[in-house]
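Shown next, in structure tokens, is the structure this report addresses.
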Amino acid sequence: VDNQALSGALLTALLRYVAEKQPGVGSRLHEATQARRVQILGDESYFTQPECLHLEKELSRLGIHSERLQLDDLLELTALG
């Protein structure tokens with residue numbers, strides 16, 4: 001998440017997601033290169049920023065699968081489980 005202030009509900013959803021899935025968590029390209037698969041958490045405004053586009057391009061170049069996870073989808077995922 002691009003230095004966004006997370007609402008109480010979003011922060012709770014993020015913590016639930018991390019507790020359930022137990023992914024590695026990071027905010028730097030170097031950390032992401034240690035993974036086989038990376039989920040990028042954000043919203044449409046973040047996904048169109050050069051920083052995010054560069055991250056996706058670099059991960060792809062390195063053969064690392066990345067996918068976007070919308071903040072709203074995170075709320076729905078954690079509400080279901």
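Along the sequence shown, residues are numbered consecutively beginning with 1. Quick caveat: nothing in here was measured; it's all calculated off a predicted structure.
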Could you state the interatomic distance from CG (Leu55) to NZ (Lys57), rounded to the nearest 0.5 Å? 12.5 Å
If you take all heavy atoms of Leu53 and Thr48, which pair is closest and at what distance? CD1-O, 3.6 Å
For side chain to side chain contact (heavy atoms under 4.5 Å, CB included), just list the numbers for Leu29 and Leu59, CA-CA rounded to whole Å, side-chain angles, deciding distance to a tenth of an Å, and then say yes or no. CA-CA 8 Å; Leu29 178 59; Leu59 292 172; 4.1 Å; yes
Less than 4.5 Å apart, side chain to side chain, heavy atoms only: is that true for Phe47 and Ile40? yes
Considering residues at least two apart in sequence or located in another chain, which fulfil the side-chain contact (heavy atoms from CB on, under 4.5 Å) criterion with Leu62? Thr33, Ile64
Side-chain heavy-atom pair Thr78, Thr12 within 4.5 angstrom cut-off: no
Rounded to the nearest 0.5 Å, what separates atom SG in Cys52 from atom CD in Glu44? 9.5 Å
Contact between Leu75 and Leu10 at the side-chain level, heavy atoms closer than 4.5 Å - yes or no? yes
With Glu67 via side-chain contact (heavy atoms from CB on, under 4.5 Å) - residues at least two apart: Arg37, Gln39, His65
Determine yes or no for a side-chain-to-main-chain donor-acceptor pair under 3.5 angstrom, with Glu31 supplying the side chain and Arg28 the backbone. yes
How long is the span from the CG atom in Leu15 to the CD atom in Glu20, to the nearest 0.5 Å? 13.0 Å
Could you check if a side-chain atom of Tyr17 sits within less than 4.5 angstrom of a side-chain atom of Leu69, using non-hydrogen atoms only? yes
Side chain to side chain, Gln49 and His54, heavy atoms closer than 4.5 Å: no
